[in-house]
Amino acid sequence: MKKTIITVVGNDTVGIIAKVCTYLAENNVNILDISQTIVQGYFNMMMVTDTSASQKDTGTLSQELAALGDKIGVVIRCQHEDIFNKMHRI
């Protein structure tokens, strides 16, 4: 299994989850765990995904998700689980 962490942050609008999940499904990325919340109009979502079935590497997925985020007005970050853990270690 090749786990990646995907975060989505921005102003809440209709269709954020649908657009992100559609992209993931089209690229054979399986969502293992998901959490999302909206606080005073601000949208925040974190997903743990398995990218082992995707034909694209983490770098390409990250670039394409960032571009999707720009298009829909949110910030989307995609990182390999190891990098995410190292960046958030105390």
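Being a predicted model, the structure only gives us computed values, none of them experimental. All values below were derived from every heavy atom in this structure, side-chain atoms included, with hydrogens, water molecules and symmetry-related copies excluded.
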Undergrad: Testing the basics here: between Leu68 and Val20, what is the closest heavy-atom pair and its distance to 0.1 Å?
TA: CD2-CA, 4.1 Å
Undergrad: Counting N and O atoms only, with roles assigned by atom type, does the side chain of Thr60 sit under 3.5 Å from a partner on the main chain of Lys56, one being a donor and the other an acceptor?
TA: no
Undergrad: Apply the test side-chain contact (heavy atoms from CB on, under 4.5 Å) to residues Ile17 and Phe43: give CA-CA distance (whole Å), side-chain angles for both, the deciding distance (0.1 Å), then the verdict.
TA: CA-CA 10 Å; Ile17 296 171; Phe43 179 86; 3.7 Å; yes
Undergrad: Could you pull out the closest heavy-atom pair between Asn44 and Val9, with the gap in Å?
TA: OD1-CG2, 3.3 Å
Undergrad: Closest approach of Ser62 and Cys78, non-hydrogen atoms and distance?
TA: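 Shortest heavy-atom separation between Ser62 and Cys78 comes out as OG-O, 3.4 Å.
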Undergrad: Say you draw a straight line from CD1 of Ile72 to OH of Tyr23; how long is it, rounded to the nearest 0.5 Å?
TA: 12.5 Å
Undergrad: Check whether any side-chain N or O of Thr49 sits under 3.5 Å from a backbone N or O of Thr4 as a donor-acceptor pair, and report yes or no.
TA: yes
Undergrad: Can a donor-acceptor pair be found, under 3.5 Å and without considering hydrogens, that links the side chain of Thr51 to the backbone of Lys2?
TA: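 Pair found, side chain donor or acceptor close to backbone of Lys2.
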Undergrad: Check for me, please, whether Val74 and Leu65 land in the same ILVMFWY cluster - side-chain distances under 4.5 Å, paths through other members count.
TA: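 Same cluster: Val74 reaches Leu65 through Ile, Leu, Val, Met, Phe, Trp or Tyr contacts under 4.5 Å.
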Undergrad: How close do Gln79 and Thr58 get, heavy atom to heavy atom, and via which atoms?
TA: C-CG2, 4.3 Å
Undergrad: To the nearest 0.5 Å, what is the distance between CE (Met47) and OG (Ser35)?
TA: 11.0 Å
Undergrad: Just by modelled atom types, is the Val29 backbone N or O under 3.5 Å from a matching donor or acceptor in the Asn27 side chain?
TA: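 Not at all, since once roles are kept as given, no pair shorter than 3.5 Å links the two residues.
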Undergrad: List the steps and the verdict of side-chain contact (heavy atoms from CB on, under 4.5 Å) for Ile31 and Leu24.
TA: CA-CA 8 Å; Ile31 299 169; Leu24 296 177; 4.0 Å; yes
